[in-house]
Amino acid sequence: MRRLLIAIPSLLGISIVLFTVLALAPGDPFGELATNPNVPPEVGAALRAKFGSTTRLRCATCAGSRRWRKAIGDFRFVSRMDVDTLILQRLPTTLLVIGSSQVLALLVALPVGVYSATRPYSIFDQIANTLAFIGFSLPPFFTGILFILVFSIYLDWLPFVYRAESARPAGTGTGSCFVKR
């Protein structure tokens, strides 16, 4: 309960700082619409009013918290889909990748750990410890990209995680994302 009471003012303070920085930044998120000749000025004004870009900072903090609560039903501009539809569409692939990585990690880690424990200070144990320390010291975003490059692109042992047909609305194209070498 104590942590919850500490978290509430922390979240409020973070949101005030965030909205202050966003309000002080030059331009607005819909500034690109003004330069696009295909978008009428009324559409840009309606979007600014809908998403609260025209409100003052004091009102923006309160309105922003209300928008965060209903963000699951909002519209995503890039994919032109509702956010909840987009999440539900990509959830099976995400669960498959997470489950596969956990099973693979257990299939590798358990035998290596048991063998290293039965033969401490052996060459195998020292190599396993060195690789473990290297793995823990590298940031995950670096090793993830490195493993994708090595195993999916260069060696072609594993498929890509991203599938284009699950990310596109129906009828806009088929096939998987492949990179030509």
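All residue numbers in this chain count up from 1 along the given sequence.
Separating the CD1 atom in I16 from the CG atom in L11 is a distance of 11.0 Å, to the nearest 0.5 Å. The CZ atom of F136 sits 11.5 Å away from the OG1 atom of T143 when rounded to the nearest 0.5 Å. Note that CG of L146 is 8.5 Å distant from CZ of F151, once rounded to the nearest 0.5 Å. Rounding to the nearest 0.5 Å gives a distance of 11.0 Å between CG of L91 and CG of L96.
One hydrophobic cluster, built from ILVMFWY side chains closer than 4.5 Å, holds both F141 and L138. If you chain together hydrophobic residues whose side chains sit under 4.5 Å apart, L110 and V103 never meet in one group. At a threshold of 4.5 Å between side-chain heavy atoms, the hydrophobic network of Ile, Leu, Val, Met, Phe, Trp and Tyr places I145 and I153 in one connected group.
Shown here is F124, whose CZ atom has more than 12 heavy atoms of other residues, nucleotides or ligands within 6.0 Å.
One N or O on the side chain of S15 and one on the backbone of L12 form a donor-acceptor pair closer than 3.5 Å. Of the possible polar contacts, one joining the S137 side chain to the I134 backbone as a donor-acceptor pair under 3.5 Å is found. Without hydrogens or angle criteria, S116 side chain to G113 main chain gives no donor-acceptor distance under 3.5 Å.
The minimum heavy-atom distance linking P120 with A117 is given by the pair CD-O, 3.6 Å.
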Practice prompt. Please report the C-alpha distance between R2 and I6 in whole Å, then the side-chain angles of each, then the deciding distance to 0.1 Å, and finally whether the side-chain contact (heavy atoms from CB on, under 4.5 Å) criterion is met.
Written response: CA-CA 6 Å; R2 182 173 177 248; I6 292 173; 4.2 Å; yes
